[in-house]
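Please read these numbers as outputs of a predicted model, since none were measured by experiment.
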Amino acid sequence: MSFTALDVLVIFGLVLSFFLVVLILSSKSFRSDIQKYFALTIVSLNFCLTYTWFEEYVPANGIMEIISWDFLFPFSFMIYTLKAIKHPVAKNKWIWLLILPCLVLSGFQAVDFFFDFDLFDWLSGGNEETMIMLIEVRTFSFVPFSIALIGFSYYQVKKNQNIYPQEKQWLEFNSLAILIFLFSWLFSDPIAEFFDFPIWQYLLALLAIFLVITTYLGIHQLNISEQRRQIKQFQV
């Protein structure tokens with residue numbers, strides 16, 4: 001097993017971002033739902049990066065994939081964003097239907113891991129081509145799903161005029177950065193084949209850098225938001 005500089009960068013990003021998330025969750029200063037959903041988003045992205053990178057060295061690392069983190073992170077990010085801008089949709093109970101893909105797929109993976117029963121194989125009736133198609137659909141469907149939810153979040157932030165400019169810029173930055181990554185991942189196969197360039201490794205390294213930056217800056221942003229909230233309560 002040989003590590004490249006990009007692998008070291010990914011590991012560094014994973015460890016540091018996870019440490020910063022633990023700092024958020026353990027701090028008495030961060031207790032609101034907004035902060036918890038921000039932390040959940042970072043944790044979900046962290047696990048997505050972990051098992052995607054880890055798969056190259058230890059295939060079939062099923063224990064890390066029991067939860068469908070790739071379907072969880074866009075949902076948690078959307079809730080975090082909508083709550084941050086106080087959008088009424090965040091209080092709508094029907095929005096929780098968007099967590100169903102994560103729950104269903106997590107159930108599939110849990111059954112496969114704990115009971116050694118492959119539901120994709122069962123759904124395909126034992127037909128190998130059909131099973132491969134189902135797995136590919138499951139693997140890549142998170143990209144349009146994520147683009148839709150995060151794109152919606154970005155649109156709501158962009159048109160909102162009732163939040164502080166600094167907070168608006170912060171939310172726009174996060175939304176755009178994730179959208180750029182998702183579109184890059186969507187077209188990674190043709191880019192890799194056409195240019196004969198291992199773009200996946202660089203995308204994973206960039207995601208690791210993004211996790212560190214957004215978590216570190218996020219702590220400051222959450223602090224500022226919390227202070228503003230306390231000031232408003234004091235004034236009232």
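Taking the six-membered ring for Trp and thresholds of 30 and 60 degrees, Phe152 and His87 have ring planes more than 60 degrees apart, a perpendicular arrangement. Classification of the Phe173-Phe210 ring pair by plane angle, with boundaries at 30° and 60°, yields tilted. Classified by interplanar angle (parallel below 30°, tilted 30° to 60°, perpendicular above 60°), the ring pair Phe38/Tyr80 is tilted.
Under the 4.5 Å side-chain criterion, counting only non-hydrogen atoms from C-beta, Leu105 is not in contact with Phe142. Contact of the Leu72 side chain with the Leu40 side chain is registered, since non-hydrogen atoms from C-beta on lie closer than 4.5 Å. Looking only at side-chain heavy atoms (C-beta outward), Ile34 and Lys86 stay at 4.5 Å or farther from each other. Considering only heavy atoms from C-beta on, Tyr154 stays 4.5 Å or farther from Thr81 through its side chain. Residues Gln156 and Ile85 form a side-chain contact, since some pair of their non-hydrogen atoms from C-beta on lies under 4.5 Å apart. Inter-residue side-chain proximity for Leu119 and Asp112 is flagged as unmet; no heavy-atom pair is nearer than 4.5 Å. Side chains of Phe75 and Cys102 form no contact here, defined as non-hydrogen atoms less than 4.5 Å apart.
Residues passing the side chain to side chain contact (heavy atoms under 4.5 Å, CB included) test with Ile213 are Ile209, Leu217, sequence neighbours excluded. The side chain to side chain contact (heavy atoms under 4.5 Å, CB included) search around Ile95 returns Met78, Ile79, Leu82, Val89, Leu98, not counting sequence neighbours.
In this structure, Glu129 CD and Ile132 CD1 are separated by 7.0 Å, a value rounded to the nearest 0.5 Å. In this structure, the separation between CG on Leu134 and CH2 on Trp122 is 11.5 Å, given to the nearest 0.5 Å. Remark: Ile178 CD1 to Leu45 CG distance equals 5.5 Å, nearest 0.5 Å. A distance of 8.5 Å separates OG1 of Thr41 from CD1 of Ile150, quoted to the nearest 0.5 Å.
Shortest non-hydrogen contact noted between Ile147 and Leu179 is O-CD2, 3.9 Å. For Ala84 against Leu171, the heavy-atom pair with the smallest separation is CB-CD1, 4.0 Å.
Tracing side-chain contacts under 4.5 Å through hydrophobic residues (I, L, V, M, F, W, Y), one reaches Leu203 starting from Phe12; they form part of the same cluster. Under the 4.5 Å side-chain heavy-atom criterion for grouping Ile, Leu, Val, Met, Phe, Trp and Tyr, Leu103 is connected to Phe71 within one hydrophobic cluster. Following chains of ILVMFWY side-chain contacts shorter than 4.5 Å, one can reach Tyr216 starting from Phe181, so the two form part of one hydrophobic cluster.
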